[in-house]
K.L.:
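The structure is given below, and queries will be raised subsequently.
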Amino acid sequence: MSETERLIRAYFDAFNAHDAEALLSLLSADVVHHINEGETEVGGDAFRAFKAHMDRCYREQISELRVMTDGEVGAAEFLCSGTYLETDGPLPEAKGQTYAIPAAAFFTVRDGKICRVTSYYNLRKWIEAVS
């Protein structure tokens, strides 16, 4: 297994364990995070705040993980299953709805750390699942 694949798998293992500190330890201090249908944030502090917000609003698990790598870049496709816990801004009201949506993420690794995370999923399908 390549170092890139090992880091990506460790990222999702920490995600599934709901271990934010373990997940954050895999990221470079200047990590660039491209949020699905949102902003691009830079830095560990921004990622920490994003993760705290997500953990407050959603309880998610990743399954059916497939990881593909080419040197220092990698991609993962997976099923994201979760429970919508707290209303997230302008999105539909949270009432404990459950969902399962396919998603993908793309990564770049530098010096043994993940320095880019880009996530994609179909927001319209997620809204349909929780409405």
Side-chain angles (χ1 to χ4, degrees):
M1 178 182 313
S2 72
E3 176 70 2
T4 300
E5 181 175 353
R6 185 194 69 73
L7 283 166
I8 293 169
R9 289 188 180 280
Y11 176 95
F12 286 107
D13 286 346
F15 184 97
N16 280 343
H18 305 286
D19 187 343
E21 291 308 311
L23 190 147
L24 290 161
S25 75
L26 301 167
L27 306 177
S28 66
D30 62 347
V31 64
V32 177
H33 182 209
H34 302 279
I35 300 168
N36 187 72
E37 297 193 37
E39 301 297 320
T40 296
E41 298 180 341
V42 178
D45 290 342
F47 200 100
R48 181 183 304 280
F50 171 82
K51 181 73 173 124
H53 170 82
M54 293 298 288
D55 287 348
R56 188 175 57 256
C57 294
Y58 311 91
R59 184 72 165 175
E60 296 180 324
Q61 286 286 299
I62 301 303
S63 63
E64 301 179 26
L65 179 65
R66 295 187 54 167
V67 177
M68 298 140 281
T69 62
D70 183 8
E72 293 183 335
V73 297
E77 66 175 342
F78 49 90
L79 185 67
C80 180
S81 302
T83 303
Y84 189 27
L85 304 172
E86 181 180 305
T87 303
D88 189 358
L91 296 173
E93 181 181 357
K95 302 174 192 170
Q97 307 93 309
T98 59
Y99 53 90
I101 58 170
F106 301 89
F107 300 86
T108 302
V109 170
R110 181 185 69 235
D111 299 326
K113 297 281 189 174
I114 295 169
C115 62
R116 176 185 64 97
V117 179
T118 303
S119 302
Y120 291 105
Y121 60 90
N122 187 322
L123 180 59
R124 185 175 54 84
K125 291 291 186 185
W126 179 86
I127 290 171
E128 287 174 12
V130 300
S131 295

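Computed from a predicted model, the values in this text were never measured in an experiment.
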K.L.:
With rounding to the nearest 0.5 angstrom, report the CG to CZ distance, L26 to F107.
P.N.:
10.0 Å
K.L.:
For H53 and E86, which I'm curious about, is there any donor-acceptor pair between the side chains at under 3.5 Å?
P.N.:
no
K.L.:
Rounded to the nearest 0.5 Å, how far apart are CG of L7 and CZ of R9?
P.N.:
12.0 Å
K.L.:
So if you build clusters from Ile, Leu, Val, Met, Phe, Trp, Tyr with side-chain heavy-atom gaps below 4.5 Å, do V117 and Y121 land together?
P.N.:
no
K.L.:
Would you give the length of the straight line joining atom CD of E41 to atom CZ of F50, rounded to the nearest 0.5 angstrom?
P.N.:
7.0 Å
K.L.:
So, for H34 and T118, which heavy atoms are closest and what is the spacing to 0.1 Å?
P.N.:
CD2-OG1, 3.0 Å
K.L.:
Can you check side-chain contact (heavy atoms from CB on, under 4.5 Å) on Y58 and D88, steps first, answer last?
P.N.:
CA-CA 9 Å; Y58 311 91; D88 189 358; 2.6 Å; yes
K.L.:
Is there a salt bridge (charged side-chain N to carboxylate O under 4.0 Å, His left out) between R48 and E21? Walk through the geometry before answering.
P.N.:
CA-CA 9 Å; R48 181 183 304 280; E21 291 308 311; 2.5 Å; yes
K.L.:
Does S25 offer a backbone N or O that forms a donor-acceptor pair with the side chain of K113 under 3.5 Å?
P.N.:
yes
K.L.:
Kindly indicate whether the side chain of V32, heavy atoms from C-beta on, has any atom under 4.5 Å from the side chain of T40.
P.N.:
yes
K.L.:
Are I62 and F47 linked, directly or through other ILVMFWY residues, by side chains that come within less than 4.5 angstrom of each other?
P.N.:
yes
K.L.:
Could you go step by step and tell me if F15 and E60 meet the side-chain contact (heavy atoms from CB on, under 4.5 Å) rule?
P.N.:
CA-CA 8 Å; F15 184 97; E60 296 180 324; 3.6 Å; yes
K.L.:
Could you pull out the closest heavy-atom pair between E5 and V67, with the gap in Å?
P.N.:
CG-CG1, 3.8 Å
K.L.:
I want to check something: taking the side chain as every heavy atom from C-beta on, are L27 and L24 in contact at a cut-off of under 4.5 Å?
P.N.:
yes
K.L.:
Is V130 reachable from L123 through a run of hydrophobic residues whose side-chain heavy atoms are each under 4.5 Å from the next?
P.N.:
yes
K.L.:
Looking at CE of M68 and CD1 of I8, how far apart are the two atoms once the value is rounded to the nearest 0.5 Å?
P.N.:
8.5 Å
K.L.:
For A14 and L23, which heavy atoms make the closest approach, and how far apart are they?
P.N.:
CB-N, 3.5 Å
K.L.:
Please test L91 against Y84 for side-chain contact (heavy atoms from CB on, under 4.5 Å), starting from the C-alpha separation and ending with a verdict.
P.N.:
CA-CA 11 Å; L91 296 173; Y84 189 27; 3.5 Å; yes
K.L.:
Starting at CG of L65, measure out to OH of Y11 and round the result to the nearest 0.5 Å.
P.N.:
11.5 Å
K.L.:
Output yes when D55 and K51 qualify as a salt bridge under the 4.0 Å nitrogen-oxygen rule, no when they do not.
P.N.:
yes
K.L.:
Give the intermediate values and the outcome of side-chain contact (heavy atoms from CB on, under 4.5 Å) for residues Q61 and H18.
P.N.:
CA-CA 9 Å; Q61 286 286 299; H18 305 286; 2.9 Å; yes
K.L.:
Which atom names give the shortest non-hydrogen contact between A105 and F78, and what distance separates them?
P.N.:
N-CE2, 3.8 Å
K.L.:
Compute both the distance and the angle, then confirm whether K125 meets the cation-pi test with Y99: under 6.0 Å from the six-membered ring centre, within 45 degrees of the axis.
P.N.:
no
K.L.:
Should E37 and R124 count as an ion pair when the cut-off is N to O under 4.0 Å?
P.N.:
no
K.L.:
Run the side chain to side chain donor-acceptor pair (under 3.5 Å) test on T4 and R6 for me, step by step, so that the C-alpha distance in whole Å, both residues' side-chain angles and the decisive distance to 0.1 Å come before the verdict.
P.N.:
CA-CA 5 Å; T4 300; R6 185 194 69 73; over 6 Å; no
K.L.:
Tell me the closest heavy-atom pair linking F12 and A76, and the distance in Å.
P.N.:
CE1-CB, 3.8 Å
K.L.:
Regarding T108 and R110, is there a side-chain donor-to-acceptor distance under 3.5 Å anywhere?
P.N.:
no
K.L.:
Decide yes or no for S63 and L79: does some side-chain heavy atom of the first lie under 4.5 Å from some side-chain heavy atom of the second?
P.N.:
yes
K.L.:
Could you measure the distance from the CD atom of E77 to the CD atom of E64? Nearest 0.5 Å is fine.
P.N.:
9.5 Å
K.L.:
If Ile, Leu, Val, Met, Phe, Trp and Tyr residues are connected whenever their side-chain heavy atoms lie under 4.5 Å apart, and connections chain through other members, are W126 and Y120 in the same group?
P.N.:
no
